[in-house]
Structure formats: structure tokens, C-alpha cells
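Worksheet: the structure to be examined is printed underneath.
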Amino acid sequence: MSYTSKPFPAATPQPASGQKKVLSALSSSPQDCALFLDIDGTLLDLAEVPDAIVVPPLLPAGLDVASQRLGGALALVTGRALAYADELFSPFRFPIAGLHGAELRRPDGKVAKAETTAAFEALKADLRKETEGLEGVLVEDKGAAVAAHYRLAPHKQAQVEPIMERMLSRAGPNWTLQRGKMVLELRPASADKGHAVEAFLSMPPFAGRRPITIGDDVTDEAMFRIANRQGGLSVRVGAPSETAAALTLPSASAVRELIGQFAV
Ligand SMILES: O=P(O)(O)OC[C@H]1O[C@H](O[C@H]2O[C@H](CO)[C@@H](O)[C@H](O)[C@H]2O)[C@H](O)[C@@H](O)[C@@H]1O
Ligand SMILES: [Mg+2]
């Protein structure tokens, strides 16, 4: 199978159409569904800085109940580092893809991780130095990936862009530039969220099920394309102008409400 990224097909998602369709698919035949959930902006409200996110106290247990109803076919698919994301939902440990698909903990617990290199560590140190003078620009070290956030200083995007482009050339072909909400990231080029969803769908208990993918950002488009191709449901949170998702949900709180309604 080719993993070449194609431009988004022109899709016109129905406004806030996800709630009914997703809940109905999950509730009517949970044994046939596999649920793939993004974290930031989908399960959790966005915050000013990466560490300021708040996990609503009942959410981890709600996800656990949902996972049980799905026979374990629920996975988190995130740009966060796997270990960081795990802590958010402790004590539960769901199958999870981190670093936009480059890290994977399979349902049987086996973990595949993208490794950093000495050269990439040096690059991260230089990125920190280069952005030191850019007030409001924050560097997030994620091991084999690194993000430069400008949410606190949106006007600095124009300065961050060329720095990250240069860092990308220096990192070489094993890394790629991932755009996101007020962030530019260098992430391993080996896999994206679409690869992660495909990998899960090749393993029990995900195999043979209909994928339902929910996300809020450009990085989630890769998993929407897989869901569309496999007769599943694709849901983009928010109101994007261009997306491959067929459905939308208005906010992370609507996603949590949906999980809560299913997890009873
Ligand atoms: O794939 P996700 O689970 O959505 O992760 C994507 C990135 O999310 C985080 O950054 C975003 O959320 C922050 C907290 O709300 C926000 O401050 C930032 O502006 C957003 O870009 C995270 O820090 C990144 O590592 C993830 O790749
Ligand atoms: Mg997100």
C-alpha cells in the first residue's frame, strides 16, 4: 500500500453532524467499531501552553468504560510523546500512537518507539538557543520530535517558520515538518496518524472493525483518509475550511459528551 500524501479531496462536512452518527454507530454495534481519538483539541480543550492542559477528572474512567464496550478497540492517536500522553490518562493504558504515529503501543502492550539521535539532540539544543530571544516562543522537547509553539506570540510565526525550515534541512530525510495549531514540529517521517490507524486495524481487537476517527487538526487528516477509504466515519472537531472528514463536532466538550453518552 502506498502512503503518499494526497491533497485533501474537496469535502463539505455537514455542520456538527458527528454526534448522532457516531453515537448511533457505536451504540448499535460496538462489536463492529474501532474508535481512534486524537487528544489535544479533541478530548482536551486547547490551552495556552502544552503543559497547561486539563484532563477532566471523569474522562480517563469514561474512556476506559468506552474501551470495554468496544472490546478494547479504542486507541489514542496523538502528536504528544507516548509517555506524556499515558500519564494524562493514568491509571488506564490504552493502545496508543504517539509523535503523530511514530511511536506505537500495540494492544498486546508491545511498544515501538522512534529513537532520537545525537545529531537530533544537538539540533534541539540549537533550536532552543535560536528561539531564546523570541519571547513567547516555546520549544517542546518530545524525544524524537520537537515542537516550536507560538500561541503566546502569534506574530512570531514569520520568524519561527524559517528557523524550523532550516532545522528540517539539517535534520535530514528521516524527519518531516508537521504544521499544527500555532505550532511547527519536526517529527519522524517514518509514519503519520494514517499509518498508525492502519497498523492498529491489522491487529486484534481492531482488525475487521469499522474505523471511527475523531481529530481537530491537519495531522488528523491522514487518519480521516483511512477511515473514509475503509467505510468508516471521519469527524473533524471545529469548523475547518478544508478537510477530508465527512462529519464535524463543534468542540472538545462535544467529544467528551459523546464519550460520556456511550460510556454508560
Ligand atoms: O495530536 P494531538 O493530540 O492533537 O497533539 C497535537 C499537539 O498538541 C499539543 O499542542 C497543541 O495543544 C497545546 C495545548 O492545548 C497548545 O498550547 C498548542 O498551541 C497546540 O498546538 C502538543 O503540545 C504537541 O506536542 C502536539 O503535537
Ligand atoms: Mg489535536
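Counting starts at 1 for both ligands and their atoms, following the listed order. Small disclaimer: the values here were computed from a predicted structure and weren't measured.
If you look at Leu46 next to ligand 1, the close heavy atoms, those under 4.0 Å, come from the backbone and the side chain alike. Residue contacts with ligand 1 for Glu48 involve N, CA, C or O but no side-chain atom from C-beta outward (heavy atoms, distance under 4.0 Å).
Residue His100 places a heavy atom less than 4.0 Å from ligand 1. Ligand 1 is approached by Lys193 to a heavy-atom distance shorter than 4.0 Å. Heavy-atom separations between Val49 and ligand 1 include at least one value shorter than 4.0 Å. Ligand 1 has no atom lying under 4.0 Å from any heavy atom of Ala147.
For atom 7 (C) of ligand 1, the closest non-hydrogen atom of the protein is Glu185 OE2, 4.0 Å. When only non-hydrogen protein atoms are considered, atom 4 (O) of ligand 1 lies nearest to Asp38 OD1, 2.7 Å. Regarding atom 19 (O) of ligand 1, its nearest protein heavy-atom neighbour is Arg151 NE, 2.6 Å. In terms of protein heavy-atom proximity, atom 23 (O) of ligand 1 is closest to Glu140 OE1, 2.8 Å. Of all protein heavy atoms, the one closest to atom 21 (O) of ligand 1 is Lys181 O, 2.6 Å. The shortest contact between atom 3 (O) of ligand 1 and any protein heavy atom is with Thr78 OG1, 2.6 Å. Given atom 5 (O) of ligand 1, the protein heavy atom at minimum distance is Asp40 OD2, 3.3 Å. Of the protein's heavy atoms, Ala47 O, 2.6 Å lies nearest to atom 17 (O) of ligand 1.
For Gly41, no nitrogen or oxygen atom sits less than 3.5 Å from a nitrogen or oxygen atom of ligand 1, counting backbone and side chain alike. Between Ile39 and ligand 1, an N or O atom pair is found at a separation short of 3.5 Å. Below 3.5 Å of separation, one finds no N or O of Thr219 facing any N or O of ligand 1. Looking at Gly79 next to ligand 1, an N or O pair under 3.5 Å apart turns up.
Residues Leu58 and Leu43 are members of separate hydrophobic clusters, defined by side-chain heavy-atom contacts under 4.5 angstrom among Ile, Leu, Val, Met, Phe, Trp and Tyr. At a threshold of 4.5 Å between side-chain heavy atoms, the hydrophobic network of Ile, Leu, Val, Met, Phe, Trp and Tyr places Val255 and Leu46 in two separate groups. Val49 and Val160 end up in different hydrophobic clusters when Ile, Leu, Val, Met, Phe, Trp and Tyr side chains are linked at under 4.5 Å. Under a hydrophobic-cluster definition in which Ile, Leu, Val, Met, Phe, Trp and Tyr are linked whenever side-chain heavy atoms come within less than 4.5 Å, directly or via other members, Val65 and Leu63 are assigned to different clusters. The same ILVMFWY cluster, assembled from side-chain heavy atoms under 4.5 Å apart, contains both Val237 and Leu88.
A pairwise comparison of heavy atoms in Pro204 and Pro107 identifies O-CG, 3.5 Å as the closest pair.
Atom CD of Gln31 is surrounded by more than 12 heavy atoms from other residues, nucleotides or ligands within 6.0 Å. In Lys156, the NZ atom is crowded: over 12 heavy atoms of neighbouring residues, nucleotides or ligands sit closer than 6.0 Å.
Atoms of ligand 1 lying under 4.0 Å from any heavy atom of Ile53, numbered from 1 in the order shown and given with element: 14 (C), 15 (O). Using a 4.0 Å cut-off to heavy atoms of Pro50, the atoms of ligand 1 that qualify are 14 (C), 17 (O), 23 (O). Atoms of ligand 1 lying under 4.0 Å from any heavy atom of Val183, numbered from 1 in the order shown and given with element: 21 (O). Close contacts between ligand 1 and Lys142 involve ligand atoms 24 (C), 25 (O), 26 (C), 27 (O) [criterion: under 4.0 Å to a heavy atom].
The Mg ion (ligand 2) has no N, O or S atom of Asp220 closer than 2.8 Å. Put simply, Asp38 gets within reach of the Mg ion (ligand 2), with an N, O or S atom under 2.8 Å from it.
Salt-bridge annotation for Asp38 and Arg236: absent, with no side-chain N of the basic residue lying under 4.0 Å from a carboxylate O of the acidic one. Using a 4.0 Å cut-off between a side-chain N of Lys or Arg and a carboxylate O of Asp or Glu, Asp40 and Lys181 do not qualify as a salt bridge.
Looking at heavy atoms from C-beta onward, Ile212 lies out of side-chain contact with Phe36 at the 4.5 angstrom threshold. Within the 4.5 Å cutoff, no side-chain heavy atoms of Glu221 are placed close to those of Lys193. For the pair Glu140 and Val146, the minimum side-chain heavy-atom distance is 4.5 Å or more.
Within Asp40, the N/O/S atom positioned nearest the Mg ion (ligand 2) carries the name O. Asp216 contributes OD1 as its N, O or S atom closest to the Mg ion (ligand 2).
Screening Lys124, Lys142, Arg179 for a salt bridge (charged side-chain N to carboxylate O under 4.0 Å, His left out) with Glu185, the sole residue that qualifies is Lys142.
Annotation: the span from Leu76 atom CG to Arg105 atom CZ amounts to 8.5 Å, rounded to 0.5 Å.
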